[in-house]
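Take this structure, written in structure tokens, and hold onto it; I'll ask about it next.
In what follows, chains carry the letters A, B, and so on, assigned in the order in which the sequence lines appear, proteins first and then strands, with residues in each chain numbered from 1.
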There are 2 protein chains.
Amino acid sequence: MTVHPDMHGEVAGRLAALEQRYTTTRRAVVETLSRAGRPVTIPEILSSTPLLPQSSAYRTLAVLIEAGVARRVTGDGDHGRFELAEELSGHHHHLVCEVCGTVDDVPPSTRLERALDEAARAAAEDQGYTVTGHRFDLVGRCPTCR
Amino acid sequence: MTVHPDMHGEVAGRLAALEQRYTTTRRAVVETLSRAGRPVTIPEILSSTPLLPQSSAYRTLAVLIEAGVARRVTGDGDHGRFELAEELSGHHHHLVCEVCGTVDDVPPSTRLERALDEAARAAAEDQGYTVTGHRFDLVGRCPTCR
DNA sequence: CTTTCTGCAAACGATTTGCAGCAGC
DNA sequence: GCTGCTGCAAATCGTTTGCAGAAAG
């Protein structure tokens, strides 16, 4: 799910805007997030990036989030889950397995997006909210836990 | 937002099914969740239930969740948020304030639900998931944080 | 060179839990 | 009266942070 044509360049730019360097460690984490194609936990990041200390993983993610490169998504389990920002990975939704907690990405349908936007507008008007985005997760059982 | 006609009776029944008693403390927490009409944090529960120790609040909620009376919803902030199960409060969605983290309930529209269900079906087929439900949160700014 | 990063280990803070006494049935 | 529930305080565990040496530009 590599939607952005020059991901690393874009990341470097966003980091530079905050006077942050695009180091080897950071590149490795971005690479991991990109390859995963779904929100991953810290333990998962650590196992796919040998020699990376846990504290560096957390710190790197904090920076990436600050730079708008990554974001933390709601985890049902113990660990938080992280993924690339939608500007880099493309807008999508999640399939959450209620048994094992795994989260997969799912592309949005045009019709669904239209309905979601409409709902957002209606809700905003009703309760005085200014809606800036939405989260839509499908909950169920993954093929493994079926 | 009291949708269930005999909430306490229903709660008592669900607890009884697990050989759990519907004690004063538990009733107080259920009452608090019901009155809030939106997902609340432990600190909020404690302040609206004087004399309730923190550990009892957590323990009570664990039991209520086990009994299918309450559920934990994804919090963006530090604390988790809890609400009554949808069988008791009715199906609804959330308005999440990205500034203060407050979460309000919002009733679903028929049209939106239809689109969501359709998306669920499509996604389930595509990726081998069995979809049992969904979560739809609108993110924005509440009237206070506007 | 100078400034920012990284690793380590200690600190934090939300949530959980062992144990002894209290309440529900 | 039993059995389960509650309070207290201590333990857990994911996450954050201070500090000194390493790497980036």
Side-chain angles (χ1 to χ4, degrees), chain A residues 8-9 11-33 39-47 49-67 69-83 101 103, chain B residues 8-9 11-33 39-47 49-67 69-83 101 103:
Chain A
H8 289 299
V11 173
R14 294 190 178 211
L15 285 172
L18 275 64
E19 309 200 287
Q20 298 279 332
R21 296 165 181 168
Y22 197 22
T23 63
T24 308
T25 300
R26 293 173 179 178
R27 190 175 296 259
V29 171
V30 167
E31 200 61 56
T32 295
L33 292 179
V40 289
T41 62
I42 288 285
E44 286 171 342
I45 291 173
L46 294 182
S47 64
T49 314
L51 301 181
L52 178 65
Q54 201 175 47
S55 64
S56 292
Y58 278 111
R59 228 178 321 222
T60 297
L61 285 166
V63 172
L64 293 179
I65 289 171
E66 176 117 353
V69 170
R71 69 168 183 153
R72 174 185 232 134
V73 305
T74 158
D76 273 336
D78 298 336
H79 289 83
R81 283 179 180 273
F82 303 86
E83 67 177 4
V103 181
Chain B
H8 288 300
V11 172
R14 292 189 180 213
L15 285 173
L18 275 66
E19 308 199 288
Q20 298 278 332
R21 298 166 182 167
Y22 196 24
T23 64
T24 307
T25 300
R26 293 174 179 178
R27 189 176 296 257
V29 172
V30 167
E31 200 64 51
T32 294
L33 293 179
V40 289
T41 62
I42 288 285
E44 287 171 341
I45 291 174
L46 294 181
S47 65
T49 314
L51 302 181
L52 178 66
Q54 202 176 47
S55 63
S56 291
Y58 278 112
R59 223 171 334 215
T60 297
L61 285 167
V63 172
L64 293 178
I65 289 171
E66 175 116 353
V69 169
R71 70 169 181 152
R72 173 184 234 136
V73 306
T74 157
D76 273 336
D78 298 335
H79 290 82
R81 284 181 179 269
F82 303 86
E83 68 177 4
V103 182

Counting only side-chain N and O atoms of A:R26, is one of them less than 4.0 Å from OP1 or OP2 of C:dT6?
->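 For A:R26, the contact criterion (side-chain N or O under 4.0 Å from OP1 or OP2 of C:dT6) is met.
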
May I ask you to evaluate whether A:T23 reaches the phosphate of C:dC5, defined as a side-chain N or O under 4.0 Å from OP1 or OP2?
->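 The answer is no; no side-chain N or O of A:T23 sits under 4.0 Å from OP1 or OP2.
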
Could you check how far NE2 of B:H79 sits from P of D:dG14, rounded to whole Å?
-> 18 Å

So what does B:E19 touch, heavy atoms closer than 4.0 Å: a base, only the sugar-phosphate, or nothing?
-> nothing

Protein-nucleotide distance (B:L15, atom CG; C:dG24, atom C1'), rounded to Å =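 Checked: the CG to C1' distance equals 13 Å.
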
A:V69 backbone acceptor or donor facing A:R14 side chain under 3.5 Å |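 Side chain of A:R14 to backbone of A:V69: no pair is present.
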
For B:I42 and B:T24, take the nucleotide of DNA chain C holding the closest heavy atom to each; which residue's nucleotide lies nearer the 5' end?
->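 Whichever sits nearer the 5' end wins; that is B:I42.
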
Choose from D:dT16, D:dC5, C:dC5 the nucleotide whose nearest atom is closest to any side-chain atom of A:R21.
-> C:dC5

B:L18 has an atom CG; how far is it from atom P of D:dT3, in whole Å?
-> 19 Å

May I have the distance from A:R27 (atom CZ) to D:dA23 (atom P), rounded to whole angstrom?
->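 Atom CZ in A:R27 sits about 17 Å away from atom P in D:dA23.
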
What pairs of nitrogen or oxygen atoms, one from the protein and one from nucleotides 8-12 of chain C, lie under 3.5 Å apart?
residue	atom	partner	partner atom	Å
C:dC8	N4	A:R59	NH2	3.1

Atom CG of A:L51 to atom C1' of C:dT6: distance rounded to whole Å?
-> 13 Å

Protein-nucleotide distance (A:L61, atom CG; C:dT6, atom P), rounded to Å | 11 Å

Taking CG from A:D78 and P from C:dT15, how many angstroms apart are they, rounded to a whole number?
-> 12 Å

B:G101 backbone acceptor or donor facing B:R81 side chain under 3.5 Å = yes

If only atom types and distance count, is the side chain of B:S47 paired as donor or acceptor with the main-chain N or O of B:E44 below 3.5 Å?
->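 At least one qualifying donor-acceptor pair exists.
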
Do the side chain of B:R26 and the main chain of B:T60 share a donor and acceptor less than 3.5 angstrom apart?
->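 Checked: no pair found.
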
Quick one: list whatever passes side chain to side chain contact (heavy atoms under 4.5 Å, CB included) with B:E66, sequence neighbours left out.
->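 Residues passing side chain to side chain contact (heavy atoms under 4.5 Å, CB included) with B:E66: B:L18.
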
Specify the separation, in whole Å, of atom CG of A:L46 and atom C1' of D:dG14.
-> 12 Å

Where A:F82 and A:L33 come nearest, the two heavy atoms and their spacing |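 In this case the closest contact between A:F82 and A:L33 is O-CD2, 3.7 Å.
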
Output yes when a side-chain donor or acceptor of A:T49 lies under 3.5 Å from a complementary backbone atom of A:I45, and no otherwise.
->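 Checking the backbone N and O of A:I45 against the side chain of A:T49, a donor-acceptor pair under 3.5 Å is found.
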
The side chain of A:Q54 lies closest to which of these nucleotides: C:dT16, C:dG24, D:dT15?
->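 The closest nucleotide is D:dT15.
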
Given D:dG7, C:dT6, C:dT16, which nucleotide is nearest the side-chain atoms of B:Y58?
->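 Between D:dG7, C:dT6, C:dT16, the one nearest the side chain of B:Y58 would be C:dT16.
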
Which nucleotide in the set C:dA14, C:dT6, D:dT6 lies at the smallest distance from any side-chain heavy atom of A:S56?
-> C:dT6

Short side-chain N/O contact to C:dT4 OP1/OP2 from A:Q20, under 4.0 Å =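 Checking A:Q20 against C:dT4: no side-chain N or O falls below 4.0 Å of OP1 or OP2.
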
